[in-house]
Amino acid sequence: MQSSHKGEDEFSSLTKTCENALAVTYRQTYYKSFRKNCTSCHDAGGESGRPFASSNFNEAWTSFSSLGRAKVEYNATNSGHKAPKTGPQHQALIDGAQAAWAAAEAIVEQCNSGQEIVTTKKTLPANVYTTNPANAAAWPQLAFDLNADLVDPALVGKLRIQFTVEARRQPPPAGTTTNLAYEFKNPRVTVTGAAPLPSYRIRGFKLMRNGSTVQDFTFFDNIDAVVNAGTPTLLQTGGNWAALWVSSADPVVNTDEFQIKFLRIEDGSGLPITGDDGTGGGGGGLPTRVSFNELAGGNPNLNVFTQRCFQCHGANAAGGLNMTIYANSQANAALIRSRMNNAMNPMPPSGLLGADDRQLVDIWISSGTPQN
Ligand code: HEC
Ligand code: HEC
C-alpha cells in the first residue's frame, strides 16, 4: 500500500475493515481488466445497472461484492454474455488471481476470528433433489434455530433468532445432466420469544458445504442488517441469488450437508456475541465502558495501549504520535481504531491484535473516549 490515509478514505467505513483485503485484491486483479473489457456497459450509469467497472472504485467494489465473485467470473468467461468482451480468454485472469484471493480470504478469516457463529450441519430439504436435474421451480427453505442449532455449546441459548435461506440446484449446463452448482437466495431472520424482542446486527455470513467454508466470496459476506422483528425479515434486497459452484469430481448429491457461518453477530449494544463472553475473569467478559487511563494503565486485562503501543508510541513517538498523552490519543482515536483493524496496514505493525484487544478500543470510543 502506498498511502494508508488515502486507502482508508477509498475503502470508507472503519467498521468494515476486515473486508479491505478483498477490496484491495479486487482492485489489483479483476478491476483493472474489467475497466478495459466491461466498462462500456458496467461503468457508473451504464446500461447493465451493475457498475463493478465504475471509475469510482468504491462504487465498483460495492457492486462487485453485492454480485459475488462466482457470478462475475461466470459471466466474464461466458461468451454467451457479451462476446467478444466476455469469453474463455478471461480464464487466465481468474486463474492468475487465485492465490491473491486465497490470501485475502485468509486475512479476512483471521480478522473475523473469534467472532464467527457456526450452525450445526443440515441437509437440504428432500424436494431440492426429488425432481429432474433442472428442478428450476423449487426454492425450499433451509432453516436453523440459532438458539439451539450451533456448534459451540457456549453459544446455545444466547441468540433468539430463526434463520432461513432458500435453496435449489442450479439447472445443469445445456446438454448435460450433472448439477454443478447450488443457488441460495433470500436469507431471512425472525427474532423469536417474548416481548420486548432483542435487536441484533448481523454482519455477513458464509456457506459451508460438508464441513468446508466456501471461499468464493458469495455476496452474503457483505450483509450488514439490524433485525428486531418477530416476522421474517430479509437480510438483503430480495430476488438475486448466490451461486455455490462445485466440481464435476464432487458434484451435487443429496447427502451434502450445509452450515451457515455468521462472520459476526452483535447485540443491541454493539458488542459481538461470542462463546466466551459473560464469564467474568481471565479472557472473559468485556466491560461496557473503558477509559484512557485503563487502556494506558496497569491492569493486564485492560491496558492494551501500555502493552502493545507505548514501546513505540511513548516518548520516542513513532509516526509522530506519542499516545501516552491523553490529548494525543483522544484526538487520534478514529485513526487508532482504523489502524488497529486494518489488516493490510495494521498497528502494531506485526499484525492485528486479538479481537478482545481491538474491542476494548472500540468500547473506549463508544464510551466517548473518556480520560478516567
Ligand atoms: C455490451 C454491454 C455489456 C458488456 C460489454 C458486458 N456486460 Fe455484463 N451485463 C450487461 C447487461 C445489459 C447486464 C444486465 C442484464 C443481464 O443480466 O444480462 C449485465 C449483467 C452482468 C452481470 C450480472 C448477472 C446477474 O445475474 O445479475 C455480470 C456478473 C456481468 N454482466 C459481468 C460482465 C463482465 C465480467 C463483463 C466484462 C468481462 C461484462 N459483463 C461485459 C451488459 C454488458
Ligand atoms: C514496533 C513499533 C510500533 C508499535 C508496537 C505500534 N506502532 Fe503504531 N506506528 C509505528 C510506526 C513506525 C508508525 C509510522 C508509520 C506508519 O504509519 O505505518 C506508526 C503509526 C501509527 C499510527 C498513524 C499515525 C499517523 O498520524 O499517521 C497510528 C494511529 C498508530 N501507529 C497506532 C498504534 C497503536 C494503536 C498501537 C498499539 C495497538 C501501535 N501503533 C503500535 C510503530 C509502532
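In this chain, residues are counted from 1 in sequence order. Read the numbers this way: they start at 1 and go in the same order the structure lists the ligands and their atoms.
- A side-chain donor from one of Thr369 and Gln330 sits under 3.5 Å from a side-chain acceptor of the other.
- Closest protein heavy atom to atom 37 (C) of ligand 1: Cys38 SG, 1.9 Å.
- Of the N or O atoms in Asn37, none lie within a sub-3.5 Å distance of an N or O in ligand 1.
- For the atom pair CZ of Arg188 and CD of Gln236, the computed distance is 11.0 Å after rounding to the nearest 0.5 Å.
- Near Lys85, with a cut-off below 4.0 Å to any heavy atom, the atoms of ligand 1 are 5 (C), 38 (C).
- Residue contacts with ligand 1 for Phe52 involve side-chain atoms from C-beta outward but no N, CA, C or O (heavy atoms, distance under 4.0 Å).
- Between Phe262 and Phe163, the gap from one ring centroid to the other is short of 6.0 Å.
- Classification of Asp267 and Lys158 as a salt-bridged pair fails, no side-chain N sitting under 4.0 Å from a carboxylate O.
- Within ligand 2, counting atoms from 1 as listed, the ones closer than 4.0 Å to a heavy atom of Pro348 are 5 (C), 6 (C), 38 (C), 41 (C).
- Within ligand 1, the atoms closer than 4.0 Å to a non-hydrogen atom of Ser48 are 9 (N), 10 (C), 11 (C), 12 (C), 13 (C), 14 (C), 19 (C), numbered from 1 in the order shown.
- Of the options Arg358, Met347, Gln307, the smallest heavy-atom separation from atom 10 (C) of ligand 2 is shown by Met347.
- Annotation: atom 12 (C) of ligand 1 to nearest protein heavy atom, Glu47 OE1, 3.5 Å.
- Summary of contacts: the protein heavy atom closest to atom 26 (O) of ligand 1 is Lys71 CD, 3.5 Å.
- Per-residue contacts place Ser40 under 4.0 angstrom from the following atoms of ligand 1 (heavy atoms of the residue considered): 5 (C).
- Taken from CD1 in Ile336 to NE2 in His313, the straight-line distance is 8.0 Å, to the nearest 0.5 Å.
- Near Arg339, the atoms of ligand 2 lying under 4.0 angstrom from a non-hydrogen atom of the residue are 16 (C), 17 (O), 18 (O), 23 (C).
- From Phe292, atom CZ reaches atom CE of Met323 across 7.0 Å, with rounding to the nearest 0.5 Å.
- Atom 16 (C) of ligand 1 is never approached by the protein to below 4.0 angstrom, counting heavy atoms only.
- Nearest non-hydrogen protein atom to atom 30 (C) of ligand 1 is Asn75 ND2, 3.1 Å.
- For a distance bound of 2.8 Å, the N, O or S atoms of His313 include one lying that close to atom 8 (Fe) of ligand 2.
- Numbered from 1 in the order shown, with element, the atoms of ligand 2 that lie under 4.0 Å from a heavy atom of Cys312 read 1 (C), 2 (C), 3 (C), 4 (C), 5 (C), 42 (C), 43 (C).
- Heavy atoms only, all atoms of each residue included: Ala148 and Val156 are closest at O-CG2, 3.9 Å.
- For Phe258 and Phe184, the distance between ring centers is under 6.0 angstrom.
- Residue contact annotation: Gly320 has no non-hydrogen atom under 4.0 Å from ligand 2.
- Between Ile336 and ligand 2 there is a heavy-atom distance shorter than 4.0 Å.
- Close approach to Arg308 involves these atoms of ligand 2, each under 4.0 Å from a residue heavy atom: 5 (C), 37 (C), 41 (C).
- Checking Asn37 against Ser33 by side-chain atom types alone, a donor-acceptor pair falls below 3.5 Å.
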Verdict with reasoning, Lys206 to Glu105, per side-chain contact (heavy atoms from CB on, under 4.5 Å): CA-CA 11 Å; Lys206 280 187 172 293; Glu105 295 276 5; 3.3 Å; yes
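- At a heavy-atom distance under 4.0 Å, only side-chain atoms of Lys82, from C-beta outward, approach ligand 1.
- Distances below 4.0 Å separate heavy atoms of Thr86 from the following atoms of ligand 1: 36 (C), 37 (C), 38 (C), 39 (C), 41 (C).
- Counting atoms of ligand 2 from 1 in the listed order, those under 4.0 Å from a heavy atom of Gln311 are 5 (C).
- Distances below 4.0 Å separate heavy atoms of Leu321 from the following atoms of ligand 2: 28 (C), 29 (C).
- Separating the CG atom in Leu155 from the CG atom in Asp149 is a distance of 12.5 Å, to the nearest 0.5 Å.
- The contact set between ligand 1 and Leu67, taken as ligand atoms under 4.0 Å from a residue heavy atom, comprises 23 (C), 27 (O).
- With respect to atom 19 (C) of ligand 1, the closest heavy atom belonging to the protein is His81 CE1, 3.3 Å.
- Between the choices Leu353, Leu335, Val361, the shortest heavy-atom distance to atom 25 (C) of ligand 2 belongs to Leu335.
- Counting atoms of ligand 1 from 1 in the listed order, those under 4.0 Å from a heavy atom of Cys41 are 1 (C), 2 (C), 3 (C), 4 (C), 5 (C), 42 (C), 43 (C).
- Between the Asn303 side chain and the Gly297 main chain, a donor and an acceptor come within less than 3.5 Å of each other.
- With a 4.0 Å heavy-atom cut-off, ligand 2 is reached by no atom of Ser350.
- Ion pairing between a basic and an acidic side chain is recognised when a charged N comes within 4.0 Å of a carboxylate O; Glu257 and Lys122 show no such pairing.
- What you find for Pro251 and Asp256 is that their closest heavy atoms are O-OD2, 4.1 Å.
- Annotation: atom 41 (C) of ligand 1 to nearest protein heavy atom, His42 CD2, 3.6 Å.
- Residues Thr77 and His90 have side chains that never bring a donor and an acceptor to within less than 3.5 angstrom of each other.
- Near Ala318, meaning under 4.0 Å from one of its heavy atoms, ligand 2 places the atoms 10 (C), 11 (C), 12 (C), 42 (C).
- An N or O contact shorter than 3.5 Å links Arg50 to ligand 1 by distance.
- With salt bridges taken as basic N to acidic carboxylate O contacts below 4.0 Å, none links Asp224 and Arg264.
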